[in-house]
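Positions are given from 1, in the same order as the sequence printed here.
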Amino acid sequence: MENLQEAKAGLKKMFIAQVGSVACVVLMLIPIVNLIAALATLVFLVLSIVGLYQAGKDIEGCKTAFMLTIANLVVNVLKTVFGAGILGIILNLAQIVIALAIIYFVCTSVSEVMTKIGSSDVAKTGHTVWMINLICSAATAVITVLAVIPVLNVIAGFAGYIVALVSLVGSVLYMLFLYKSSNAI
């Protein structure tokens with residue numbers, strides 16, 4: 001078996017970053033603490049990127065996901081600067097596609113490693129996470145377009161809540177996948 005210590009450490013960092021980011025989202029709802037939580041979110045973003053880079057040393061798909069993460073940050077800056085109107089919608093859709101590709105490359109490549117080392121149950125979790133994210137991303141893309149159409153924007157708003165709940169389940173499963181993967185190596 002090949003040495004996967006960089007992947008193990010990287011996946012562990014990604015797991016910690018995911019848990020920390022979720023905690024920060026909750027803390028952002030509390031006045032006064034919300035500023036600290038926003039700053040901590042940036043720290044967890046950097047930790048996640050470092051973890052992805054580190055995992056990418058051993059797992060090729062994580063290296064691709066790292067590059068896509070950098071591209072997503074660039075698109076986010078562009079969206080912040082030029083985010084009004086149709087360009088904003090296009091940049092938002094680009095972010096949805098890139099984020100889905102990141103999840104795809106992480107889940108499929110790490111699942112492949114899990115299968116090779118005999119952790120097929122963890123590999124199946126990775127496939128489930130990828131499928132949930134595929135469905136949620138497709139729904140989010142449709143909702144993004146519908147949100148600009150009068151009357152349909154009400155339906156899009158309601159559907160957005162449902163997708164958000166399913167995405168939350170997907171996020172929890174992704175955290176579990178990262179945790180189990182880092183422990184299985």
Side-chain angles (χ1 to χ4, degrees), residues 11-30 34 37-38 40-41 44-45 47-49 51-52 55 61-62 64-66 68-69 71-73 75-76 79 83 88-112 114-115 119-184:
L11 292 171
K12 186 71 77 177
K13 284 179 179 79
M14 290 168 62
F15 165 71
I16 292 167
Q18 289 292 318
V19 171
S21 294
V22 169
C24 286
V25 168
V26 172
L27 291 174
M28 280 191 218
L29 300 173
I30 302 170
N34 58 0
T41 300
F44 288 121
L45 173 65
L47 182 62
S48 178
I49 291 170
L52 198 50
C62 289
T64 303
F66 170 78
L68 288 169
T69 299
N72 207 17
L73 289 172
V75 172
N76 191 38
K79 189 174 88 174
I89 293 170
I90 292 168
L91 292 170
N92 197 24
L93 291 172
Q95 279 192 301
I96 292 167
V97 170
I98 294 170
L100 178 62
I102 292 166
I103 291 289
Y104 169 79
F105 282 108
V106 170
C107 289
T108 58
S109 62
V110 173
S111 290
E112 188 176 303
M114 291 298 107
T115 300
S119 293
S120 59
D121 57 325
V122 178
K124 287 178 187 173
T125 303
H127 179 73
T128 302
V129 169
W130 152 238
M131 286 292 116
I132 289 172
N133 277 278
L134 175 63
I135 292 165
C136 288
S137 294
T140 301
V142 170
I143 289 168
T144 299
V145 173
L146 291 178
V148 297
I149 302 170
V151 179
L152 292 180
N153 60 354
V154 175
I155 297 168
F158 177 72
Y161 288 117
I162 295 169
V163 172
L165 287 174
V166 176
S167 292
L168 179 62
V169 171
S171 294
V172 169
L173 287 175
Y174 184 59
M175 285 187 269
L176 288 172
F177 174 64
L178 293 171
Y179 178 76
K180 289 178 181 179
S181 296
S182 66
N183 285 339

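Partners of Y104 according to the side chain to side chain donor-acceptor pair (under 3.5 Å) rule, which considers only residues two or more places apart in sequence or in another chain, do not exist here. With sequence neighbours excluded, the residues that form a side-chain contact (heavy atoms from CB on, under 4.5 Å) with V172 are M175, L176. By the ring pair (Phe, Tyr, Trp, His ring centres under 6.0 Å) test, F15 pairs with Y179, sequence neighbours left out. For K180, there are no side chain to side chain donor-acceptor pair (under 3.5 Å) partners two or more places apart in sequence or in a different chain. For A37, the side-chain contact (heavy atoms from CB on, under 4.5 Å) partners at least two apart in sequence or on another chain are C24, L27, M28. Applying the ring pair (Phe, Tyr, Trp, His ring centres under 6.0 Å) rule to Y174 yields no partners; only residues at least two apart in sequence or on another chain are considered. Shown here are the side chain to side chain donor-acceptor pair (under 3.5 Å) partners of N76, two or more places apart in sequence or in another chain: Q95.
Between T69 and L52, the closest side-chain pair of non-hydrogen atoms falls below 4.5 Å. You'll find the side chain of S21 stays beyond 4.5 Å of the side chain of L45, heavy atoms only. Residues S181 and M114 meet the side-chain proximity criterion, which asks for heavy atoms closer than 4.5 Å. Side-chain contact check for M14 versus L47: every heavy-atom pair is 4.5 Å or farther apart. Contact of the I143 side chain with the L146 side chain is not registered, since no non-hydrogen atoms from C-beta on lie closer than 4.5 Å.
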Less than 3.5 Å apart, which donor and acceptor atoms pair up between the side chains of residues 123-141 and the rest of the protein, not counting sequence neighbours?
unit_1, atom_1, unit_2, atom_2, d
T125, OG1, D121, O, 3.2
T128, OG1, K124, O, 3.0
N133, ND2, V129, O, 2.8
S137, OG, N133, O, 2.8
T140, OG1, C136, O, 2.7

Please output the side-chain donor-acceptor pairs of residues 155-162 that fall under 3.5 Å, not counting sequence neighbours, one pair per line with the distance.
none

